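See structure below.
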Amino acid sequence: MKDSEFHALADAIYQHIEECIDRSGVDIDCETIGGVMTLTFENNIKFVINRQEPLHQIWLATRENGHHFALQGDKWIDNRQGVELLSWLSLQAQRQGETELAL
C-alpha cells in the first residue's frame, strides 16, 4: 500500500467515527489534530487514535491497553487479538466511557 492510499483510508475511518459521534448525540468530545484523534467521554476517560504511517497501521490507546490495527481486506484488524477497530471502539466506549456508541 502506498502512503497516500493509507492516508486516504485513515482519513475515511476518522471521518466515519466523527460522523457517528455527531449523529448519535452522545456527549463525546472529538478532536483531531495532525493525524491524532482524541475522544474524551463524559466520565473524563480518553481514547487516542493515531496513524502509524511507517507501519500503515492505526493505533488505539485506551485506559486498559493499546491496540495496533492493520488493514485486512476492508476491515482494520488488531494484530494481537484479531478484533475489528470499529466494533472494538464501540465496545470500549461502552465499557470504559460508559457511553453507547454505534459505529
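Note that the coordinates shown come from a computational prediction; the quantities given were computed from them, not determined experimentally.
- Applying the side chain to side chain donor-acceptor pair (under 3.5 Å) test to Asn44 and every residue at least two apart in sequence or in another chain returns nothing.
- Every pair passing salt bridge (charged side-chain N to carboxylate O under 4.0 Å, His left out) that includes a residue from residues 42-63 is listed here, sequence neighbours excluded: Asp11-Arg51.
- Remark: His16 engages no residue in a ring-ring contact (aromatic ring centres under 6.0 Å, His included) (not counting sequence neighbours).
- Side-chain heavy atoms closer than 4.5 Å link hydrophobic residues (I, L, V, M, F, W, Y) into clusters, and following such links, even through other members, never connects Ile33 to Ile17.
- With sequence neighbours excluded, no residue forms a ring-ring contact (aromatic ring centres under 6.0 Å, His included) with Tyr14.
- The structure places CD1 of Ile77 at 7.5 Å from OG of Ser87, a figure rounded to the nearest 0.5 Å.
- Under the ring-ring contact (aromatic ring centres under 6.0 Å, His included) criterion, the residue pairs touching residues 33-59 are Phe6-His56, Phe41-Phe47, Trp59-His68, with sequence neighbours excluded.
- Residue pairs that meet the salt bridge (charged side-chain N to carboxylate O under 4.0 Å, His left out) test with at least one member in residues 67-85, sequence neighbours left out, do not exist here.
- Contacts classified as ring-ring contact (aromatic ring centres under 6.0 Å, His included) and involving residues 82-103 (residues at least two apart or in different chains) are given here: His67-Trp88.
- Residues that satisfy the salt bridge (Lys or Arg N to Asp or Glu O under 4.0 Å) test with Asp22, not counting sequence neighbours, are absent from this structure.
- In terms of the side-chain contact (heavy atoms from CB on, under 4.5 Å) criterion, residue partners of Val26 (sequence neighbours excluded) are, by chain and number, Ser24, Ile28, Thr99, Leu101.
- The list of salt bridge (charged side-chain N to carboxylate O under 4.0 Å, His left out) pairs with a residue in residues 91-100, not counting sequence neighbours, is empty.
- Smallest separation of non-hydrogen atoms from Ala102 and Cys20: O-CB, 3.7 Å.
- Atom CD of Gln15 is surrounded by 12 or fewer heavy atoms from other residues, nucleotides or ligands within 6.0 Å.
- Annotation: side chain to side chain donor-acceptor pair (under 3.5 Å) contacts of Thr62 (sequence neighbours excluded): Gln96.
- Between Phe69 and the options Val83, Ile49, Asn79, a side chain to side chain contact (heavy atoms under 4.5 Å, CB included) holds for only Val83.
- In this structure, Leu103 CG and Leu91 CG are separated by 11.0 Å, a value rounded to the nearest 0.5 Å.
- A heavy-atom distance below 4.5 Å is found between the side chains of Leu39 and Leu89.
- Taken from CD in Gln57 to CG in Leu85, the straight-line distance is 11.5 Å, to the nearest 0.5 Å.
- Counting only residues at least two apart or on different chains, no side chain to side chain donor-acceptor pair (under 3.5 Å) pair has a member in residues 26-35.
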